[in-house]
There are 2 protein chains.
Amino acid sequence: MASKPNGVPALRMEDVARLAGVSVMTVSRALRTPPAVAASTLAKVRAALEETGYLPNLVASGLASSRTQVVAAVIPLISQPFAPTLQSMSDVLRRASYQLVLGVSHYDPLQEEALVRAFLSRRVDGIALFAGGHTPQTIAMLEQAGVPLVEMWADSATEFIVDAVSVPQRRGAQDVVRHLLARGRQRIGFIGGSTRHNIRAQARLGGYLDGLAEAGLPHDPAACEEATHFLMEGGAAALARLLERRPQLDAICVASDILAAGVVFEAHRRGLSVPRDLAVAGFDDAEIARSMYPALTTIDMRAEDMGRRAAEMLLERTSQSSRVDLVAMPSRMHDLGYTLIVREST
Amino acid sequence: MASKPNGVPALRMEDVARLAGVSVMTVSRALRTPPAVAASTLAKVRAALEETGYLPNLVASGLASSRTQVVAAVIPLISQPFAPTLQSMSDVLRRASYQLVLGVSHYDPLQEEALVRAFLSRRVDGIALFAGGHTPQTIAMLEQAGVPLVEMWADSATEFIVDAVSVPQRRGAQDVVRHLLARGRQRIGFIGGSTRHNIRAQARLGGYLDGLAEAGLPHDPAACEEATHFLMEGGAAALARLLERRPQLDAICVASDILAAGVVFEAHRRGLSVPRDLAVAGFDDAEIARSMYPALTTIDMRAEDMGRRAAEMLLERTSQSSRVDLVAMPSRMHDLGYTLIVREST
DNA sequence: CTGAAAGCGCTTACAG
DNA sequence: CTGAAAGCGCTTACAG
């Protein structure tokens with residue numbers, strides 16, 4: 001079975017035990033709870049470990065202990081602004097001896113469902129999802145599995161399953177509009193991602209509309225445009241469509257920095273100066289927001305805190321037991337707040 | 001053990017078998033090799049599967065079969081230009097019923113070693129690494145484990161362990177210099193990443209020097225700068241340092257599009273027009289290269305083909321047996337070539 | 001502090 | 001086409 005063509009099998013704990021002159025249980029203890037082993041025994045085991053270069057079989061230990069020490073995260077896209085969230089999540093988990101595995105859903109509830117199914121089959125000890133847009137089957141599987149679960153990037157008004165980390169995105173978008181109005185802009189357009197299956201896109205559009213309403217400005221549907229995909233090109237193309245209908249806009253509230261960067265590039269391509277001719281504000285405080293010229297005014301979404309807090313919430317659940325009752329459990333929502341960062345683009 | 005607080009244990013194959021009135025072996029076969037089961041039996045099993053919502057325990061099956069159906073990739077950074085590689089890798093692997101798991105090394109050989117150790121402990125069926133910069137321990141572990149292995153993003157002249165997918169990056173950088181010279185530029189600077197532990201950075205710097213030498217131009221070390229990190233800000237800061245020493249440069253050959261974007265932003269910030277005052281060429285054909293204004297001249301590194309081919313090479317090895325002899329095995333290098341893409345920035 | 005026994009939930013290999 | 005037995009390499013739970 002697990003043998004090379006030339007017949008050398010993989011090392012087992014038993015090989016280490018024989019070399020150290022102890023039982024496998026003692027090797028197992030030396031690896032997991034060293035203080036529970038006599039110092040002299042520990043030294044013998046460690047010497048044998050060193051000599052053989054033994055690597056524990058975590059598949060076997062996962063089966064025996066019903067704990068895989070793996071946590072899964074399903075993200076919509078493998079790109080900014082999610083990288084800092086994953087980084088901090090991974091850091092917190094690693095310190096607790098958990099490994100983070102990733103799945104990418106492309107904003108597709110069915111792909112998310114397939115990923116959740118695969119992760120549950122691998123018996124991960126916890127799952128982090130992005131809030132909203134789950135299929136009923138996904139939720140049913142999670143409840144049946146009783147796996148610790150946290151949702152991230154929720155809006156503070158969002159529905160969620162048990163635990164969530166949120167940011168008041170709707171209010172954030174409203175603050176962007178207030179800021180643009182305070183800068184003297186009156187004809188403010190909006191570019192966002194598809195609101196289908198995406199509560200973040202919905203919340204941001206909602207905040208834009210709140211901001212207009214608060215100022216007594218009418219909602220002009222023709223001044224709103226949906227980007228076809230979350231790439232800079234998507235933002236550029238959306239601005240082109242928008243300006244064709246409403247060439248007199250003097251500001252754009254954009255629901256993502258990636259899209260906003262594309263908006264700025266397209267404005268430059270058309271000879272418009274940002275912010276003189278067109279003010280552009282983004283969302284997320286992604287890397288490009290502070291790096292590009294002009295630097296983007298944006299909403300800091302606490303991406304790093306989001307990952308840290310999500311990981312901590314998961315760890316609290318996993319420490320309780322390997323299976324939890326998602327339905328009966330009191331749910332928790334941790335709201336992180338946000339900050340409007342004013343830079344050169346507005 | 002694997003039971004909820006309220007006492008409901010996780011479903012096992014045995015539960016499905018009992019409901020379907022067959023043995024666990026028949027359920028196992030129905031799941032993995034349906035044609036080996038009689039149609040009427042299959043129907044009964046499938047009904048039971050459906051009714052229970054059973055999810056196979058892949059941890060147990062991994063232990064029993066010595067195959068986890070998981071392939072690991074260790075990447076330097078979770079960002080462009082690696083996303084398309086991971087995407088195509090993941091697609092090819094999924095079609096073959098393998099799952100891709102990711103590790104991020106931050107260009108640190110010790111972190112790579114820790115990741116490889118973790119993946120080997122989880123008994124992944126294959127590992128994809130970025131070529132170069134491995135510790136001796138990493139290589140020793142891989143050889144002892146006998147795990148199928150492929151290295152990506154090698155330069156065609158690079159050393160590698162067994163299998164590799166490469167692009168002639170050195171020649172690519174040389175072509176960039178030729179292109180800049182053909183555009184009439186004479187004072188061409190260079191900005192790259194740290195060449196420490198990074199054969200890609202080394203190859204690209206080498207190509208730049210080849211290009212100068214070919215044209216009979218002297219190598220001016222003060223016209224070369226190393227970015228401190230692979231972010232746009234790193235490219236911007238590097239240009240600032242470079243122009244302080246050599247303000248008369250009329251072109252910059254940059255070893256990465258991300259850095260090149262930062263270079264363009266910094267040029268704009270200083271009131272320099274790109275390409276009129278300063279031509280800027282990147283490398284990788286990352287998303288931002290075609291999206292930004294001005295769009296970047298760059299080298300298409302076949303990022304997508306790289307992932308596809310790497311996955312295929314791994315699958316060929318895993319199909320042979322679960323353990324392979326990396327030392328005795330004939331190694332294979334697949335070179336993908338590259339394309340110079342001329343856009344607005346030069 | 002240490003170890004022998006049983007078991008985790010599957011698959012392999014074999015028998016019928 | 002189907003199933004009973006053995007085993008994958010660990011950990012749990014218990015005994016000493």
Side-chain angles (χ1 to χ4, degrees), chain A residues 1-3 9-18 20-45 48-49 52 54-70 97 120-125 145 321-323, chain B residues 1-3 9-18 20-45 48-49 52 54-70 97 120-125 145 321-323:
Chain A
M1 249 146 280
S3 61
L11 281 169
R12 291 156 307 156
M13 228 174 230
E14 197 189 315
D15 303 310
V16 177
R18 195 180 317 111
V22 298
S23 72
V24 292
M25 263 319 297
T26 299
V27 177
S28 176
R29 283 197 192 93
L31 253 12
R32 291 177 301 133
T33 52
V37 178
S40 59
T41 313
L42 198 55
K44 283 190 296 182
V45 175
L49 250 16
T52 53
Y54 170 74
L55 290 180
N57 184 330
L58 263 34
V59 179
S61 96
L63 178 60
S65 67
S66 300
R67 297 218 169 223
T68 51
Q69 301 292 120
V70 173
S97 308
L120 290 178
S121 276
R122 300 209 176 273
R123 300 297 190 260
V124 296
D125 292 336
S321 88
S322 60
R323 282 169 68 87
Chain B
M1 248 148 280
S3 59
L11 241 38
R12 293 155 306 156
M13 228 173 230
E14 198 188 313
D15 303 309
V16 178
R18 194 178 319 109
V22 298
S23 72
V24 292
M25 263 318 299
T26 299
V27 177
S28 176
R29 282 196 192 94
L31 252 14
R32 291 176 301 132
T33 52
V37 177
S40 59
T41 313
L42 198 54
K44 283 190 295 182
V45 175
L49 250 14
T52 54
Y54 170 73
L55 289 180
N57 184 329
L58 263 34
V59 179
S61 96
L63 178 60
S65 67
S66 299
R67 297 215 169 224
T68 51
Q69 300 292 121
V70 173
S97 309
L120 291 178
S121 277
R122 299 208 178 272
R123 300 299 189 261
V124 296
D125 291 336
S321 89
S322 61
R323 282 170 67 88

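What's counted below: heavy atoms across the whole structure, side chains too, no hydrogens, waters or symmetry copies. It should be emphasised that the depicted structure is a prediction, and the values quoted were computed from it without experimental measurement. Chain naming here is simple, since letters A, B, ... match the order of the sequence lines and numbering starts at 1 in each.
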Report summary line: Output row for DNA chain C, stems defined as at least 3 consecutive Watson-Crick or G-U pairs under 3.5 Å, is C:1-3 with D:14-16, C:5-12 with D:5-12, C:14-16 with D:1-3
Query raised in the report: Is the phosphate of C:dT11, meaning OP1 or OP2, less than 4.0 Å from a side-chain N or O of B:S65?
Result: no
Query raised in the report: What's the spacing between B:N57 CG and A:S66 OG if we round to 0.5 Å?
Result: 8.5 Å
Report summary line: So CG of A:L55 and CZ of B:R123: to nearest 0.5 Å the spacing works out to 6.5 Å
Query raised in the report: Which listed nucleotide (D:dT12, D:dT2, C:dT2) is nearest to the side chain of A:R32?
Result: D:dT12
Report task. Starting from the 5' end of DNA chain D, give me the residue, A:N57 or B:A39, whose nearest nucleotide shows up first. Result -> B:A39
Query raised in the report: Yes or no on side-chain contact (heavy atoms from CB on, under 4.5 Å) for B:V27 and B:E14, after CA distance, side-chain angles and deciding distance?
Result: CA-CA 8 Å; B:V27 177; B:E14 198 188 313; over 6 Å; no
Query raised in the report: Over how many whole Å does the gap from A:L63 atom CG to D:dT12 atom C1' extend?
Result: 12 Å
Query raised in the report: What about B:R29, does its side chain sit under 3.5 Å from the base of D:dG3 through a donor-acceptor pair?
Result: yes
Report task. Report yes if some heavy atom in the side chain of A:T52 is under 4.5 Å from a heavy atom in the side chain of A:D15; otherwise report no. Result -> no
Query raised in the report: Within less than 4.0 Å of OP1 or OP2 of C:dT11, is there a side-chain N or O belonging to B:S28?
Result: yes
Query raised in the report: Using a cut-off of 4.0 Å on non-hydrogen atoms, how would the nucleic acid contact of B:M25 be classed: base, sugar-phosphate, or nothing?
Result: base
Report task. Sequence neighbours left out, what passes side chain to side chain contact (heavy atoms under 4.5 Å, CB included) with B:S23? Give chain and number order. Result -> B:M25, B:T26
Requested in this report: Working to the nearest 0.5 Å, report the span between CG of B:L11 and OH of B:Y54.
Outcome: 8.0 Å
Query raised in the report: What nucleic acid atoms does A:V37 come within less than 4.0 Å of, heavy atoms only: base, sugar-phosphate, or nothing?
Result: sugar-phosphate
Report task. Would you list the pairs meeting side chain to side chain donor-acceptor pair (under 3.5 Å) in which at least one residue belongs to residues 29-43 of chain A, sequence neighbours left out? Result -> A:S28-A:R32
Report task. Establish, with yes or no, whether the OP1 or OP2 oxygen of C:dG9 is under 4.0 angstrom from a side-chain nitrogen or oxygen of B:Y54. Result -> no
**Report entry** Any B:T26 side-chain N or O less than 4.0 Å from OP1/OP2 of D:dG3
**Finding:** yes
Query raised in the report: Taking only side-chain nitrogens and oxygens of B:S66, does any of them come within less than 4.0 Å of OP1 or OP2 of C:dT11?
Result: no
Query - Phosphate OP1/OP2 of D:dG3 contacted by B:S23 side-chain N/O (<4.0 Å) - result: yes
